[in-house]
Every structure is written in C-alpha cells, then in structure tokens.
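Heads up, the thing below is written out as structure tokens.
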Number of protein chains: 2
Amino acid sequence: MNGSDSSTTDSASGTGTGRRRSEATRDAILTAARERFASDGYERATIRAVAKDAGIDPSMVMRYYGNKEGLFAAAVTVDLKLPDLTALPREELGRALVTHFLDMWEENEVLTALLRVGVTNDAGAERMQAIFRAQLLPTAHAVCPDPEQVPTRAALCATQLLGLALTRYVLRLPPAVTLPREEAVAWLAPTIQRYLTAAHPAA
Amino acid sequence: MNGSDSSTTDSASGTGTGRRRSEATRDAILTAARERFASDGYERATIRAVAKDAGIDPSMVMRYYGNKEGLFAAAVTVDLKLPDLTALPREELGRALVTHFLDMWEENEVLTALLRVGVTNDAGAERMQAIFRAQLLPTAHAVCPDPEQVPTRAALCATQLLGLALTRYVLRLPPAVTLPREEAVAWLAPTIQRYLTAAHPAA
DNA sequence: TGTGTTGGTCAACGCTTGTTGGCAACGGTA
DNA sequence: TACCGTTGCCAACAAGCGTTGACCAACACA
C-alpha cells in the first residue's frame, strides 16, 4: 500500500557491520519526529520542520518512511516495560506502578508524543488502545482476583495515570507540575492499589 | 487588538426585541464551531468546515469573530456550575463532584472541545488553567481543611476527573466507554473524597 | 422615494502543507 | 576504469488553509 519497503538489499557494507550507511540519518529523523510530535501534536508537527531539525531534505523523510503516517508509526513505538507484579508484595502494587509510570514518562518524550497525537488523531488513539490492550491488560490480569473485572480495573488505573500525565506533562497545570514526585506517588499509590485489588464497591 | 468589536449600534430592531437579526447565524456558527473543535481539535477544525456546517460563507465567520482565535474564544466558554459543597454532608463530597462532572461532560460538547484543543494549543491550555484557577480552586477552598494544601488537592482531583474524561470521551478506551456511569461514580467517588478530605499521606 | 445600515456571497490573495520526480555526488564492486 | 545502487538536494506540484475586499440584496427609516 505504501512505499516504505525496507527490502532494499540490506547489509550494504562489506566490513561486516549490518548498519546501513543511512542509519544515522534515519535515527536523526526519528528523534526529531518524536520531539516535534511531543511538543506540537500531529498536525503542527510538519514534515518540513522534522527534516530541518534532522538537518536533511523533506523528501528524505518521504523516501525512508513513505508518508507522514508512516513516520509517526516508526517514530512512536511504545514499550511500557511493565515489571512483573507477581514478584512484589501485594500491598506495594500501587506504589510500584505509579513510580514506574513516572519513570517512563520522564525517560523520554515518546509518551508525551503519543498522548498529544492520540487526542486529535484517530491512528494515535487506536495506538493507545492497542498499548492498553497488549501491555496494561495482561499486567492487570496477573494481579487481579476476578478475570472478569480486569478490563474495568485496568481502565480505572489508566484514567488516573493518564490523568496525571495529562495535567503534569501536557496541560502543565501549575500545581500538578510543581507537585514533588514523591508526593504524587504518595497520593496516587493508594488509588491504584484500590483499583487493582480492592473489592468491587457497591454501585 | 482584534476586530471583534460588539459595538455595532446594538438594538437594531424597532419592535423592542433586543436580538439582532443576525443572532441566529451567530449562534449557528458557534454551535458548528463547538462541534468541530470537539471532534477535530484546533488545527483540523477549519473555518471553512465550520461555515459549511452553519450554512454560510467562511467570510461571515471572520466578520463576526475576527479570526480563528476569536472564534475559539467565543465558542468555548466554560462554566462548570460547581455546586456549593458546604451545603452537603461531608462524606458525600466525592460522589457529588464525580456525578456533577459526568453531568457536565455529557450535557454538551464544549468540555470535549476544550480538552481536545487544550492538548495541542497554547491558548487552549491556558484557558484550562484559568478555569481550574477560577472555578475548581475556590470550590476546593471551601471544603479543604488546610488552605495551603488546596492547590495540591484540587490538582489531584483534576488528574482523576480529567483522566476519566480523557479515556472515556476523547480516547474512547473501550472499557472506560462501556463502564456504566453508576459504576464509574462508585469507583471514583472515594478517590476524590480522599484527595479532598483525607490527611496528607506520608511521603 | 431615497438613503444608509445590515446580512450575505463571491473571488481571490499569499502562504503552508504533503508529496513527487529528476538529477548530482558518493562509494563499493567487478 | 566503468558500473550501479545508495544518499542526498532541488524545484515543483496540487490542495487546503486563514484572511481580505469588492460587490449585491434586503431592510429600516427619513
């Protein structure tokens, strides 16, 4: 469908390293794309701006990634690296998850990019759903008592964790930004703990 | 600074009704603009699309609202209509706030529009901060024990409430969408209650 | 009846966007 | 040396954007 065929006779080097000569450029493009998507969202992150940041011509972006959608798909790939929660004391699940999420959000800007794009772009929103399904659901499944409640409980965790990221890293609501990391953890950990392990509340 | 002067010799009708003849058109524009901003975000909500939805020419939008920023400012004005929490039993604060927020989000699409725009547009983000400051902060101030903790507690509430709106109405994470309203309230109410009234947790 | 204001359309402007194709340099390989 | 795939730039395209100004029809009022 698109022209992003990576079947261009790989291993072009004779010395043995499998890296293409262009790989540095490809990486520069992806890094610049992540920064732009994270700070500007999908529409305002123009291919021309990404190319300028990467120090190359816009047409190179097209050649390597087909089109803008392909660039986004290549630049924003998320692995939440969720820890094995079964190895933890049960009462520390909430704290572990919150600290891990804060780590991931502060590690690089790819999660900010995903959230900013997901809000105004269908492909971005679907990607977030896929990550939820493939990464958060299984983790919740490992610690939740009733399998039938897993989607609900995982979604509740998502509301609180994404809400924190939204206010702190995207909207930059001042009190959420200045809130010390330790204090955020102390407040949110019991919430996540309850969403994962507490009995279903009377509705 | 902009051209949105509403000083165009008002009361143009002789019969006594203060409505301008154009008011129907103005309202149609604002309604269409709210829908577009809510479903498409700021960039993709084009003036041409809004005008087409309203059944008029794009230049009319410019005449009445100056420019796109003016249109957004006029279309997206938020009054959270927060109830007087001091009139409620203290243990029902959380439930009251959550149900009220869900009411507001489902009443019309202006909150969805504000969130979608706030994520990728500086003016939108600043407007959300202003609403937080002018509407949520005072409400929290009325029920929180220590005034010094009010911004933190209000921000914590914002993370949870905006997180629910984000996943349920914007990202449309399936489990958050299908979650029955009553169940969402039952789960979130204790969280909000704790953020507002519980003792500061050990950090 | 004439006149000025209002509500509205039309056509165009300058600009930016994603995207395309042609062409020049480089660098291994035969 | 001659070749050929790779890397890169340049110039341009068509489309869409916000925005502008000229122009017309209807109306209110003298």
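Chain naming here is simple, since letters A, B, ... match the order of the sequence lines and numbering starts at 1 in each. Source: prediction; values computed, not measured.
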Who passes salt bridge (Lys or Arg N to Asp or Glu O under 4.0 Å) against B/Arg172, sequence neighbours left out? none
Of all residues at least two apart in sequence or in a different chain, which pass the side-chain hydrogen bond (donor to acceptor under 3.5 Å, both in side chains) check with B/Tyr195? A/Gln160, A/Thr191
For residues 122-140 of chain A, pull every pair meeting side-chain hydrogen bond (donor to acceptor under 3.5 Å, both in side chains), keeping only residues two or more places apart or in separate chains. none
Taking atom C1' of D/dC9 as reference, at what distance in whole Å does atom CD1 of A/Ile56 sit? 10 Å
It should be established whether A/Ser22 places a side-chain nitrogen or oxygen under 4.0 Å from OP1 or OP2 of nucleotide D/dT7. yes
Both B/Gly55 and A/Glu43 contact DNA chain C. Which one's nearest nucleotide lies toward the 5' end? B/Gly55
Calculate the interatomic distance between B/Phe72 atom CZ and D/dG18 atom C1'; express it in whole Å. 17 Å
Residue list, ring-ring contact (aromatic ring centres under 6.0 Å, His included) with A/Phe101, at least two apart or on another chain: none
What string of B, S and - do you get for nucleotides 19-27 of chain D, 5' to 3', if B is base contact, S is sugar-phosphate-only contact and - is no contact with any protein heavy atom under 4.0 Å? SBB------
Spacing of B/Leu71 atom CG relative to D/dG18 atom P, expressed in whole Å: 10 Å
Please report, rounded to the nearest Å, how far the C1' atom of D/dC9 is from the OH atom of A/Tyr64. 12 Å
Compare all side-chain heavy atoms of A/Leu85 with those of A/Leu97 and state whether any distance is below 4.5 angstrom. yes
In whole angstroms, how far is the P atom of C/dT17 from the OH atom of A/Tyr42? 14 Å
Can you list every salt bridge (charged side-chain N to carboxylate O under 4.0 Å, His left out) pair that touches residues 77-91 of chain A, not counting sequence neighbours? A/Lys81-A/Glu107
Quickly work out the A/Lys52 NZ to D/dG8 P distance and round it to whole Å. 19 Å
How close or far is atom P of C/dT6 from atom CE of B/Met60, stated in whole angstroms? 13 Å
